[in-house]
Structure formats: structure tokens, C-alpha cells
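The structure appears below as C-alpha cells.
Below, all heavy atoms of this structure are taken into account, side chains as well, without hydrogens, waters or symmetry copies. On a predicted model such as this, the values are computed, not experimentally measured, just so you know.
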Amino acid sequence: VPLAHPHTDSISCVALNTPYIHNDVSGTIQPNQIAIGSYDGSIVLYSTTDGTLVHVFEGPTDVEWAKFHPKGGTVLLVGSIADGTIWMYHTPSRQCLQVL
């Protein structure tokens, strides 16, 4: 199945929030999602339930790793060795919380 968002460079990482969605401190069950990062600087969030595109985040120069935070799976950390940054996204609000 082709991805809904065409990356312009190689896919470099994949992260699933599924192992963490039952640990959300709010008590709300979060949707199952997969984040796909690419060397084009984009991070694409898809629903694992039906494959729909949820959101496209713009991030570091080269996305080299991605990991959902284990407390609920709603915070996505993305990093790049190329520019030395770590980006923190809140997936329900689709906001970048911080760049370190």
C-alpha cells in the first residue's frame, strides 16, 4: 500500500505508540499511531487502525530517530545527528512543544 505522503528522501525510522497507549496519565485511551521519519525532514503520523494520514510534522534537517514517550504515547521525540537537535511533539494537539 503506498503511503499517503510521498517522502522526497529515504525513510529513516519508524515508531509505534501502541505499547504505551494504556499508560496515559489522563486515563483516556489514545489512538494507535505510527510515525514515519525521513531524511527529508518530515515526520508523518498515520493511524494504524485504518492507515489514514493523521498529520505531517516538519522537523530537523534529517530525521534519524523517533520514539514515543512511554507515558501514554502522546509525546513523540524526534532527533537528528546532522543538526544536533531533538524535537518534541504533542500528537493530539499536533504541536511542537520544544526543540532542544
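Side-chain contact between H69 and T74: absent, with no pair of heavy atoms (C-beta onward) separated by less than 4.5 Å. A heavy-atom distance below 4.5 Å is not found between the side chains of R94 and L45.
By the rule that hydrophobic residues join a cluster once side-chain heavy atoms approach within less than 4.5 Å of another member, W65 and V75 end up as members of one cluster. By the rule that hydrophobic residues join a cluster once side-chain heavy atoms approach within less than 4.5 Å of another member, V99 and M88 end up as members of separate clusters.
Within 6.0 Å of atom CD1 in I81, 12 or fewer heavy atoms from other residues, nucleotides or ligands are found, so the atom counts as exposed in its surroundings.
For the atom pair T91 OG1 and F68 CZ, the distance stands at 5.5 Å (nearest 0.5 Å). Rounding to the nearest 0.5 Å gives a distance of 10.5 Å between OH of Y89 and CG of L77. Going from atom OH of Y20 over to atom CG of N32 covers 13.0 Å, rounded to the nearest 0.5 Å. Separating the CD1 atom in I43 from the CD1 atom in I36 is a distance of 11.5 Å, to the nearest 0.5 Å. Here CG of D40 is found 11.5 Å from OG1 of T61. Values are rounded to the nearest 0.5 Å. Between E64 atom CD and Y39 atom OH the span is 5.5 Å, to the nearest 0.5 Å.
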Side-chain donor-acceptor contacts of residues 10-18 below 3.5 Å, not counting sequence neighbours, with atom names and distances?
| from | atom 1 | to | atom 2 | distance (Å) |
| --- | --- | --- | --- | --- |
| S12 | OG | G37 | O | 3.4 |
| S12 | OG | V63 | O | 2.3 |
| N17 | OD1 | Q33 | N | 2.7 |
| N17 | ND2 | P31 | O | 3.0 |
| N17 | ND2 | G73 | O | 3.4 |

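Under a 3.5 Å cut-off, the side chain of S80 and the backbone N or O of P60 do not form any donor-acceptor pair. One N or O on the side chain of S38 and one on the backbone of D9 form a donor-acceptor pair closer than 3.5 Å.
Contact detail for Y46 and L53: the closest heavy-atom pair is CD2-CA, 3.7 Å.
With sequence neighbours excluded, no residue forms a side-chain hydrogen bond (donor to acceptor under 3.5 Å, both in side chains) with T48.
The aromatic rings of H55 and F57 lie perpendicular to each other, with more than 60° between the two planes, well past the 30° mark.
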